[in-house]
Number of protein chains: 2
Amino acid sequence: MPRTRHTILDCSPSCTVEATLELFGGKWKALILYHLFEDQVLRFGEFRHRLPNVTQRMLTNQLRELEADGLVSRTVFPVVPPHVEYRLTELGKTLKPVIQALKTWGDQYAHSVEREKKAKSDQTV
Amino acid sequence: MPRTRHTILDCSPSCTVEATLELFGGKWKALILYHLFEDQVLRFGEFRHRLPNVTQRMLTNQLRELEADGLVSRTVFPVVPPHVEYRLTELGKTLKPVIQALKTWGDQYAHSVEREKKAKSDQTV
DNA sequence: GCCATTAGTGTCAGGAATGATACCATGCCG
DNA sequence: CGGCATGGTATCATTCCTGACACTAATGGC
């Protein structure tokens, strides 16, 4: 998560970009959202499988923040063992074009960047 | 910047999202790119005016990383006082739809999130 | 000679975000 | 009774970001 959470948006036009970024800055949030777009409904454990590099704590954090921002809903079934379902809210669903753009770009160009970096590291090595 | 920079992309389809995110994770990078889309060419000091919350050091960092990722070019004019120009590379320009999506969403929905958060903080206060 | 300019770099401190690990509740199964 | 399953917490360590400050280099103006 970005370290500074702004609360006022009446500054420059870039502020809305900044504000949007704060929803994503969470390092894993875009991934979480991406998977929710893919699967509609996910349980905590399913996120863990899809995002193996995220610690349980971070995952909890990020999900709670997404929930606090009204992008994701959390439904708890009071059973044992626990059962919790996450899904996108209506607001969350509006992010689809953004996630889609990220994915599209990544599919097309991520490899270019990899090459770029590899070329440089090869030079230094 | 995200703390883990992956170098391999042959994992799940979400990896390209992840990879794209790493270019943005830099907390300020998307803003930097946004301003470059607006202004085409920017000098270091101009970034500082547009991003008053970024420290000089962070700005340098982020710009260097963007340069290393091949998204931004840095042109130094060997004069005194120093003159340095930043602009998007061809690869950088391909990010336009992504930045645009961020901006569009922010313009439309950032206020919704603000309201959401405000409502919650009002409850707790 | 002294100050200002620009795009930084270097260093130190403090705080925030992240990671690793251990632990919990509860009910079912054997 | 012991262990497993799920969705977490709690605690501590590490790593990253920020802030404040000092310092640089070459030229122009006072």
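Predicted model only: the values in this text are computed from it and were never measured. Throughout, a chain's letter reflects where its sequence line sits, starting with A, and its residues are numbered from 1.
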Could you check whether the rings of A/Tyr86 and A/Phe44 sit parallel, tilted or perpendicular, using 30° and 60° as the cut-offs?
->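 A/Tyr86 and A/Phe44: tilted rings.
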
For the residue pair B/Phe77 and B/His83, categorise the inter-ring angle as parallel (less than 30°), tilted (30 to 60°) or perpendicular (more than 60°).
->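 Perpendicular, since the angle between the ring planes exceeds 60°.
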
Picking from C/dT5, C/dG8, D/dT6, which would you name as closest to the side chain of B/Pro81?
->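 Of C/dT5, C/dG8, D/dT6, C/dT5 is nearest to the side chain of B/Pro81.
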
Among D/dG7, C/dA7, D/dT18, find the nucleotide with the atom closest to the side chain of B/Gln56.
->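 When the side chain of B/Gln56 is considered, C/dA7 is the closest of D/dG7, C/dA7, D/dT18.
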
Which residue, A/Thr55 or A/Pro82, contacts DNA chain C at a nucleotide closer to its 5' end, judged by nearest heavy atom?
->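 Result: A/Thr55.
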
Taking for each residue the nucleotide of DNA chain D with the nearest heavy atom, is it A/Phe44 or A/Val80 whose nucleotide lies nearer the 5' end?
->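 Mapping each residue to its closest nucleotide by heavy atoms, the 5'-most match is A/Val80.
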
Nearest-angstrom distance from the residue atom [atom1] of [X] to [atom2] of [N]:
X	N	atom1	atom2	value
B/Phe77	D/dA25	CZ	C1'	19 Å
A/Glu65	D/dG8	CD	C1'	16 Å
B/Ile32	C/dA7	CD1	P	14 Å
A/Asn61	D/dG7	CG	C1'	14 Å
B/Gln62	C/dG8	CD	P	14 Å
B/Glu85	C/dT6	CD	C1'	13 Å
A/Met58	D/dG8	CE	P	15 Å
A/Asn53	C/dA17	CG	P	21 Å

Report yes or no: do B/Val76 and B/Leu42 belong to one cluster of Ile/Leu/Val/Met/Phe/Trp/Tyr joined by side chain heavy-atom distances under 4.5 Å?
->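 Yes; tracing contacts between hydrophobic side chains, which count when under 4.5 Å, links both residues.
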
Applying a 4.0 Å non-hydrogen cut-off, can you work out what [X] is touching in the nucleic acid: base, sugar-phosphate, or nothing?
X	result
B/Arg74	sugar-phosphate
B/Arg48	nothing
A/Tyr86	sugar-phosphate

Say whether, by atom type as modelled, one donor and one acceptor occur between the side chain of A/Ser73 and the main chain of A/Leu88 under 3.5 angstrom.
->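 No: the side chain of A/Ser73 does not pair with the backbone of A/Leu88.
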
If only side-chain N and O atoms of [X] are considered, is one of them under 4.0 Å from the OP1 or OP2 phosphate oxygen of [N]?
X	N	answer
B/Arg57	C/dC12	no
A/Arg43	D/dG7	yes
A/Trp28	C/dA17	no

Minimum heavy-atom distance A/Glu46-A/Val41, with the two atoms named =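 For A/Glu46 and A/Val41, the tightest heavy-atom pair comes out as OE1-O, 4.1 Å.
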
